[in-house]
Number of protein chains: 2
Amino acid sequence: MSKRQNILDAAKNLLWEQGFEAMSPKKVMRLSGAGQGSLYHHFEGKEDLALAALTEVDSELRAAIDSIFDAGKDPMDRLYDYLNTPRGELQGCKLGRLVGEKTIIESNICTIVGAYFDYVCAHLKAALLEAKASGDLPPHLDAEAVSRSLAAIIQGGYILARGTGDARQMQMAQEGAWAMIEGLSSAH
Amino acid sequence: MSKRQNILDAAKNLLWEQGFEAMSPKKVMRLSGAGQGSLYHHFEGKEDLALAALTEVDSELRAAIDSIFDAGKDPMDRLYDYLNTPRGELQGCKLGRLVGEKTIIESNICTIVGAYFDYVCAHLKAALLEAKASGDLPPHLDAEAVSRSLAAIIQGGYILARGTGDARQMQMAQEGAWAMIEGLSSAH
DNA sequence: GTCTATACGATGATAGAC
DNA sequence: GTCTATCATCGTATAGAC
């Protein structure tokens with residue numbers, strides 16, 4: 001495997017485990033086995049490296065989302081699957097976790113995260129609209145707003161879990177979300 | 001005003017605007033006008049200072065929560081008020097925002113955040129249970145799980161808003177949450 | 001209590017040899 | 001492409017004078 005990819009993989013790991021500010025070039029070098037020269041030959045600097053690493057992460061996350069929101073599936077099944085995917089790690093969303101850092105907000109990295117959120121919400125909204133159209137959800141439900149709520153439950157679930165050190169908080173947040181969606185479905 | 005309080009206020013501002021890792025003793029000194037000697041006289045170090053500052057923040061946030069969840073209010077009104085309090089800042093929750101940082105997770109600071117989350121969820125759960133008892137919400141709704149979902153919507157709403165740079169994302173997440181609660185209320 | 005001086009490792013990057 | 005110096009700056013803390 002090329003040094004470049006070694007560096008990229010190390011950066012991905014460190015971003016995931018420690019965040020952007022804590023991901024120093026030195027740590028990347030240690031973890032990848034590459035020297036300083038290699039790092040600055042392949043990447044312009046720390047932010048450029050993170051940008052490249054997170055572009056790969058973005059692709060991986062979108063692939064998982066595409067699988068959950070397969071257009072061939074029933075819309076309620078898509079929602080169920082999104083809200084029941086096990087999310088046990090206390091580490092948080094590989095992209096969402098980063099926006100707590102001020103440096104991220106001020107950098108180009110933030111656009112990757114924002115676009116990913118929009119991507120997820122678009123899938124959620126489509127499923128909600130289809131479910132409304134087929135009579136599975138009440139016709140006046142605000143699909144746009146609810147899509148944001150459901151995405152927020154996942155991101156916020158990670159926050160609760162990390163804050164309390166209890167991974168079940170995420171599971172409860174997800175269960176509560178489905179309980180509300182299911183309640184709206186069966187009762188209108 | 002005492003130097004000690006100046007230092008504490010500066011720390012609170014920096015924690016709120018930049019996070020824990022970015023809050024260096026040097027920045028606290030500049031912002032507070034205090035010298036290094038004062039800082040280390042009143043506090044053992046950076047973590048001790050943050051702990052003291054966030055203990056004050058915790059009290060302030062709990063007071064706001066107590067006001068929203070006034071026991072004299074109708075339970076549905078309490079839920080409505082929690083989900084309709086304007087949360088326009090992109091800065092995020094003064095406590096929840098911090099748990100993205102690895103250093104926080106490994107420190108005693110995390111227990112403050114976790115306890116605050118539990119406090120909020122307890123109030124939410126109580127309101128949900130009362131609403132169920134009075135027939136405003138369906139009897140089988142899982143109050144524990146939904147309380148976590150609603151708290152997660154607030155924390156996650158901040159994440160969405162910061163990631164996209166659009167404060168309205170938080171507002172939408174809150175509106176969607178109320179749409180679901182209200183839908184459950186009117187339809188069962 | 002408050003200040004200045006000092007220490008030492010880490011950070012993020014550049015220079016130049018191979 | 002990859003490596004090893006080398007650098008200025010910052011972060012965190014201690015020492016000791018006033």
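Computed from a prediction, not measured in an experiment: that's the story for all the values here. Below, read A as the first sequence line, B as the second, and so on, with proteins coming before strands; counting in each chain starts at 1.
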Rounding to a whole Å, what distance do you find between Asp48(A):CG and dT14(C):P?
12 Å
Nucleotide of dG12(C), dC3(D), dG11(D) approaching Lys3(A) most closely (side-chain heavy atoms)
dC3(D)
For atom CZ of Arg4(B) and atom P of dC3(C), their distance in whole Å:
16 Å
Toward the 5' end of DNA chain D, which comes first, Gln36(B) or Ser38(A), by nearest nucleotide?
Ser38(A)
Given atom CD of Glu44(B) and atom C1' of dT14(D), what is their separation to the nearest angstrom?
14 Å
When all nucleic acid strands are considered with a 4.0 Å heavy-atom cut-off, which category describes Lys46(B): base, sugar-phosphate, or nothing?
sugar-phosphate
Can you find a side-chain donor-acceptor pair between Asp48(A) and Tyr40(A) that sits under 3.5 Å?
no
In whole angstroms, how far is the P atom of dT4(C) from the CZ atom of Arg30(B)?
14 Å
What is the distance from NZ of Lys26(A) to C1' of dA13(C), rounded to the nearest Å?
11 Å
Nearest of dT2(D), dG1(C), dT11(C) to any side-chain atom of His41(A)?
dT2(D)
Asn6(B) CG - dT2(C) C1' separation (whole Å)
13 Å
With distance as the sole criterion, is a donor-acceptor pair present between the side chains of Gln5(A) and Asp9(A) under 3.5 Å?
yes
Between dG12(C) atom C1' and Leu49(A) atom CG, what is the distance in whole Å?
12 Å
Assess whether side-chain contact (heavy atoms from CB on, under 4.5 Å) is satisfied between Glu175(A) and Val146(B), documenting all intermediate values.
CA-CA 8 Å; Glu175(A) 285 170 5; Val146(B) 171; over 6 Å; no
Ignoring backbone atoms, establish whether Ser24(A) has a side-chain N or O less than 4.0 Å from OP1 or OP2 of dT11(C).
yes
Looking at Lys12(A), I want to see if its NZ is surrounded by more than 12 non-hydrogen atoms of other residues, nucleotides or ligands under 6.0 Å.
yes
Indicate whether the side chain of Gln18(B) and that of Lys27(B) have a donor and an acceptor atom separated by less than 3.5 Å.
yes
Considering only side-chain heavy atoms of Tyr40(B), which listed nucleotide, dA13(D), dT11(C), dC3(C), is closest?
dA13(D)
Integer-rounded Å distance: dT11(C) C1' and Leu39(A) CG
13 Å
With nearest nucleotide decided by heavy atoms, which residue, Met29(B) or Ala22(A), maps closer to the 5′ end of DNA chain C?
Met29(B)
